[in-house]
**Student:** 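Quick one: this structure, given as C-alpha cells, is what I'll be asking you about.
Residue numbers start at 1 and run along the sequence shown.
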Amino acid sequence: MENLDRGVIAVRSGNSNYIGWRLLGTDPADISFNIYRDSVKITSTPITGSTNYSDTGGTLSSTYRIAPVINGIERKATEPIGVWSTPYLTVPLQVPAGVTTPDGYTCTYSPNDCSVGDVDGDGQYEIIVKWDPDNSKDNSVSGYTGNVYLDAYKLDGTFLWRIDLGINIRAGAHYTQFMVYDLDSDGRAEVACKTAPYTVDGQGNYVLMPGDVLADYRNSSGYILDGPEYLTIFDGLTGAALATTYYVPPRGTVSSWGDSYGNRVDRFLACVAYLDGQRPSLVMCRGYYTRAVLAAWDWRDGQLTQRWVFDTNNGYSSYMGQGNHNLSVADVDGDGFDEIVYGSCTIDHNGKGLYSTGLGHGDALHVSDMDPDRPGLEVWQCHESSPYGATFRDAGTGEVIFRYTASEDTGRACAGDIRADYRGYEVWASTGVPLATCTGINLGSHSNPINFMVWWDGDLLREFLNSNVISKYGVGTLLTATGCSANNGTKSTPCLSADLFGDWREEVIWRTTDNSSLRIYTTTAVTSYRFYTLMHDPQYRLAIAWQNVAYNQPPHPGFYLGDGMASPPLPDIMLAGADWLYGDFTEDGVVNLDDLPFVCGHLASERLRSDHRVGFE
C-alpha cells in the first residue's frame, strides 16, 4: 500500500491551533510523538493516546513538526508546516473552456467527482478532478454532451496535466469511471479509464490503436453506439498514455444489453481489487440490468494483461440483472483475497460467481463489519425490483439476515453507527423503510439524510454528510460549507470524502459555488481515540478508489469502527515502491537494526539483514 508521510496539518481554531497527524499502518504499537512549535518541543512527555493536539500557545504564524518516538528514542521530525487560517485548504483550478456541440450549444464546466493518489511518490496525495459539462446526460436521455476532462493537481494547486477524453466519450455519471491507484506497486499512482478515438492524453497525444482512425462516432441523438472503445492506463504524474487496449467487453449488438437506443449498453462500473491477495488489479465492468461482464486486468512491469473475464452469458444466468449503480470491494469470505460485491450478487477473486441472491438491481449498497457480534462482514442494500425495500445480508454467503419491504422502488439506503444506545451500525432507507439496528430491531420512522457519512467529531459515532452540510443524529448541524456546492443532483455528494491527512477522521472535498476551486475541509475537534490512517486499511482505501463510480457511495473500513469497538486489527500490509528502503534510518550515522521492521512494514529483521543489507549500507 501507499508509503504515506505523516500528513501533518495545523489549523487555527478559536484561540488555539489544532494539530493532527497520521498513525501509519506500519507503525509499531508503542510509538509515541513529540510536537515542536517553532523548533521548540511543547510536549513534556510524548503523546501516546491520540494523533491530535490543541496548542493554546500557538499563533497563526507558528510552524509545527512531529517527531515519532520509538523504543524511547526520538526519530527524525517531519518538515515544518504552517497554520491554516480557515478549517479548509483551497485548491485553485483551471476551468476548461466551453465546448460547442453539433446542436449549437456551448457548455460550461464544474468540477465533479474527484479521486486521489500519490502520483509522484512523495507521500502526499494529489487530486484527480473529473470536469462535468452542464449538458451531461443520464444514459436514458438523448442529446449531445460536452467533452469530459480529467485534471491532476497538487494540494497547493499546482496543475500537472489534463486528459481530454474526446467527443466519443459521452458525459454523465454512468460513462466515465476513473480509477486512481498504484496499480503496479512502484510507489506512484496511475489513472485508468475508458477512452476512444479523439481522446488526448496529458502530453497532447491522441490515444489510438493501430489501424483505427480519428472519426466522430456520435449519432444524431448524441449517443455513441459505434466505433472503437479502449481501456487506457495513464501515467499519474505526466498524464501520458502508457498502454491502451480494446475495452472488454465490446458493446457488440446494442440490443443484447436490454434496449436498442443506447441506455443499458453504456452502463459502466469499475474498481480496484487485490485479487491475488498481494497486488492490486483493475476491474472494468459493463452492464447490470441484464447481462453483466467484469474484466480483470493486471498492470505489471509496463505490461497490461488480462487476468479473467466474468460474463453472465457464460453459465451465470442467475447473476443477470443483479448489478447495482455502484459496487464495493471486500474480502467477504475471509480467504485473504478480495471479492467484488456487484449489487445483489458477488464475484469471487478468481472470476467465478460466489453467489447471487436474486434480489435484483438497486441504487445503493454498503459493506462493512456492521454487526460486531456476528462473524464476518455484512451488506445493506436497497432494491428497485418487487418486493421493494432493503435487505441486510451476510456478505460472504448472501444469506438474508433481515429485510424490510416497501410499496415502491427504494432508491436510497445508508448505514453507519449513529446511536450509542444500540450496538453496531444502524441502517435505514427511503420509501418508508425504518431506522433499524444491525440485528433488525425496528427503531421507527426517520428523517435521516440517506446519502453520505463522515467521521467528523471526537466520538466514534459517524455523522451525516449531505449536500454541503455535516450533521449529527440527535444534535443537528456541525458544519455548513458556506460558498460550496454538492454534486450529482439529488445525490448531493461531495467531490470526495476520505481520510486525506491529519488523524484517522475524514476530510471532505467540495467545489466552490463559482467552480473556480476545491475546498478540502478538515475537522478541528480534538479526539482521544488513536487509530492508524484509514487509508492503510485495504477495504477503505479501495472504497476511495471506487467512490466516484456511478451513484457515489460512502467508504467503509473492513473492521467495525463505532461505539464500543475493539482495537482495529493491525493491517497486514507492505509499503509500495523500493526507494523508501534507502532512506535515512540512522541515529548519529549508525543504523539501528531493531528499528528496521518498523521502517519496512513489519518484515522480519532476519529477512531484512539478509535481503536488504546492501541497500542499507
Side-chain angles (χ1 to χ4, degrees), residues 174 248-259 263-271 273 275 283-296 306-335 337-367 376-406 409-411 413 429 546 549-551 553:
H174 301 285
V248 176
R251 64 174 70 88
T253 302
V254 171
S255 59
S256 67
W257 296 91
D259 60 61
N263 178 1
R264 296 182 173 186
V265 66
D266 277 354
R267 299 284 182 157
F268 299 102
L269 301 175
C271 63
L275 301 175
V283 184
M284 304 299 289
C285 318
R286 183 179 220 138
Y288 38 76
Y289 284 118
T290 52
R291 182 188 180 196
V293 182
L294 293 75
Q306 191 174 98
R307 176 176 283 267
W308 50 251
V309 175
F310 172 91
D311 190 339
T312 55
N313 279 358
N314 296 332
Y316 290 104
S317 59
S318 65
Y319 290 69
M320 295 185 70
Q322 303 303 307
N324 260 32
H325 285 310
N326 36 65
L327 44 66
S328 188
V329 178
D331 179 9
V332 302
D333 53 9
D335 62 358
F337 306 93
D338 283 333
E339 284 74 45
I340 296 98
V341 182
Y342 202 69
S344 292
C345 63
T346 295
I347 313 306
D348 209 348
H349 68 276
N350 56 8
K352 310 294 184 182
L354 186 63
Y355 66 80
S356 176
T357 66
L359 294 168
H361 168 74
D363 285 4
L365 65 84
H366 304 264
V367 182
L377 307 177
E378 294 83 31
V379 178
W380 174 246
Q381 179 187 347
C382 59
H383 300 287
E384 193 173 292
S385 305
S386 180
Y388 309 105
T391 54
F392 191 84
R393 75 177 192 251
D394 183 287
T397 67
E399 174 194 0
V400 175
I401 301 168
F402 64 85
R403 73 178 302 162
Y404 285 95
T405 58
D409 171 11
T410 304
W546 57 246
V549 169
Y551 289 177
Q553 296 291 285

**Student:** Measure across Leu354 and Gly396 and return the closest heavy-atom pair with its distance rounded to 0.1 Å.
**Tutor:**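 What the structure gives for the nearest pair is CD2-O, 3.7 Å.
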**Student:** Can you tell me how far the CZ atom of Arg264 sits from the CZ atom of Arg286, to the nearest 0.5 Å?
**Tutor:**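 If we round to the nearest 0.5 Å, Arg264:CZ and Arg286:CZ are 14.5 Å apart.
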**Student:** As an exercise, state the distance from SG of Cys285 to CD1 of Ile340, rounded to the nearest 0.5 Å.
**Tutor:**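 Between Cys285 SG and Ile340 CD1, I get 7.0 Å after rounding to 0.5 Å.
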**Student:** Within the side chain of Asp348, is there an N or O that forms a donor-acceptor pair under 3.5 Å with the backbone of Asn350?
**Tutor:**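 Flag not set: sc Asp348 to bb Asn350 has no pair under 3.5 Å.
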**Student:** Compare all side-chain heavy atoms of Leu365 with those of Ser328 and state whether any distance is below 4.5 angstrom.
**Tutor:**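 Touching, per the 4.5 Å side-chain cut-off.
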**Student:** Between the side chain of His366 and the main-chain N/O of Ala413, is any donor-acceptor distance below 3.5 Å?
**Tutor:**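 Side chain of His366 to backbone of Ala413, a donor-acceptor pair under 3.5 Å: yes, one is there.
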**Student:** For Ala395 versus Thr346, what's the shortest heavy-atom pair and its separation?
**Tutor:**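 That would be O-OG1, 4.5 Å.
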**Student:** Atom CG in Asn263, atom NE2 in His174: separation rounded to 0.5 Å?
**Tutor:**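 Nearest 0.5 Å value for the CG-NE2 distance: 8.0 Å.
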**Student:** Going by atom type alone, with no hydrogens or angles, which donor-acceptor pairs under 3.5 Å involve a side-chain atom of residues 248-256 and a protein atom two or more places apart or on another chain?
**Tutor:**
residue	atom	partner	partner atom	Å
Arg251	NH1	Gly227	O	2.8
Arg251	NH2	Glu229	OE2	3.3
Ser256	OG	Thr253	O	2.6

**Student:** Go through Arg393 and Phe402 one step at a time and tell me if the side-chain contact (heavy atoms from CB on, under 4.5 Å) criterion holds.
**Tutor:** CA-CA 7 Å; Arg393 75 177 192 251; Phe402 64 85; over 6 Å; no
**Student:** Report the distance from atom OH of Tyr355 to atom CD1 of Ile347, rounding to the nearest 0.5 Å.
**Tutor:**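 Spacing of OH (Tyr355) from CD1 (Ile347) equals 10.0 Å.
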**Student:** Could you check whether any side-chain N or O of Gln322 sits under 3.5 Å from a backbone N or O of Leu359, counting only pairs where one atom can act as donor and the other as acceptor?
**Tutor:**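 Such a contact is found between Gln322 side chain and Leu359 backbone.
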**Student:** How are the rings of Tyr288 and His325 set relative to one another: parallel (under 30°), tilted (30 to 60°) or perpendicular (over 60°)?
**Tutor:**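 The arrangement is perpendicular - the two ring planes meet at more than 60°.
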**Student:** Let's go through Asp333 and Glu339 carefully: what are the C-alpha distance in whole Å and the side-chain angles of both, what is the deciding distance for side-chain contact (heavy atoms from CB on, under 4.5 Å) to 0.1 Å, and is it a yes or a no?
**Tutor:** CA-CA 8 Å; Asp333 53 9; Glu339 284 74 45; 3.1 Å; yes
**Student:** Kindly indicate whether the side chain of Trp308, heavy atoms from C-beta on, has any atom under 4.5 Å from the side chain of Leu294.
**Tutor:**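 Result yes, sub-4.5 Å side-chain heavy-atom pair found.
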**Student:** What heavy-atom pair brings Leu377 and Val332 nearest, and what distance separates the two atoms?
**Tutor:**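 What the structure gives for the nearest pair is CD1-CA, 4.3 Å.
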**Student:** What is the distance from atom OG1 of Thr410 to atom NE2 of His383, rounded to the nearest 0.5 Å?
**Tutor:**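 With rounding to 0.5 Å, OG1 (Thr410) is 8.5 Å from NE2 (His383).
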**Student:** Evaluate the side-chain contact (heavy atoms from CB on, under 4.5 Å) criterion for residues Leu275 and Phe337: first the C-alpha distance (whole Å), next the side-chain angles of each, then the deciding distance (0.1 Å), finally the verdict.
**Tutor:** CA-CA 5 Å; Leu275 301 175; Phe337 306 93; over 6 Å; no
**Student:** Just say parallel, tilted or perpendicular for the rings of Phe310 and Tyr319, cut-offs at 30° and 60°.
**Tutor:**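 Because their plane-to-plane angle is over 60°, the rings of Phe310 and Tyr319 count as perpendicular.
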**Student:** Where do Gly287 and Ala292 come nearest, in terms of heavy atoms and distance?
**Tutor:**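 Nearest heavy atoms, Gly287 then Ala292: O-CB, 3.4 Å.
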**Student:** Could you report the tightest heavy-atom contact between Val265 and Trp257, atom names first, then the distance?
**Tutor:**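 Smallest interatomic distance, heavy atoms only, reads CG2-CD1, 3.4 Å.
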**Student:** Could you walk me through whether Leu327 and Trp546 pass the side-chain contact (heavy atoms from CB on, under 4.5 Å) test, one step at a time?
**Tutor:** CA-CA 8 Å; Leu327 44 66; Trp546 57 246; 4.0 Å; yes
**Student:** Looking at Gly258 and Thr290, what are the two nearest heavy atoms and their distance?
**Tutor:**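 Heavy-atom minimum between the residues: N-OG1, 3.9 Å.
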**Student:** Answer with yes or no whether the side chains of Tyr316 and Arg291 bring together a donor and an acceptor at under 3.5 Å.
**Tutor:**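 No, Tyr316 and Arg291 have no side-chain donor paired with an acceptor closer than 3.5 Å.
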**Student:** Look only at the side chain of Asn326 and the backbone of Tyr551, and say whether a donor-acceptor pair between them is shorter than 3.5 Å.
**Tutor:**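 Yes.
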**Student:** Do Phe392 and Val400 make a side-chain contact, defined as non-hydrogen atoms from C-beta onward lying under 4.5 Å apart?
**Tutor:**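 No, their side chains stay 4.5 Å or more apart.
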**Student:** Report the distance from atom CG of Asp363 to atom SG of Cys382, rounding to the nearest 0.5 Å.
**Tutor:**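 Answer rounded to 0.5 Å: 5.5 Å.
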**Student:** Among pairs that include at least one residue of residues 395-404, which meet side chain to side chain donor-acceptor pair (under 3.5 Å), considering only residues two or more places apart or in two chains?
**Tutor:**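 Checked against side chain to side chain donor-acceptor pair (under 3.5 Å) - neighbours excluded - the pairs reaching residues 395-404 are Asp394-Thr397.
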**Student:** Side chains of Gln381 and Ser344 only: does a donor on one sit below 3.5 Å from an acceptor on the other?
**Tutor:**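 On atom types as modelled, these side chains qualify, holding a pair under 3.5 Å.
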**Student:** Check for me whether the distance between the ring centres of Tyr289 and His361 falls short of 6.0 Å.
**Tutor:**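 That pair passes the under 6.0 Å test.
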**Student:** Short question: side chain of Asn324, backbone of Gly362 - any donor-acceptor pair under 3.5 Å?
**Tutor:**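 Yes: the side chain of Asn324 pairs with the backbone of Gly362.
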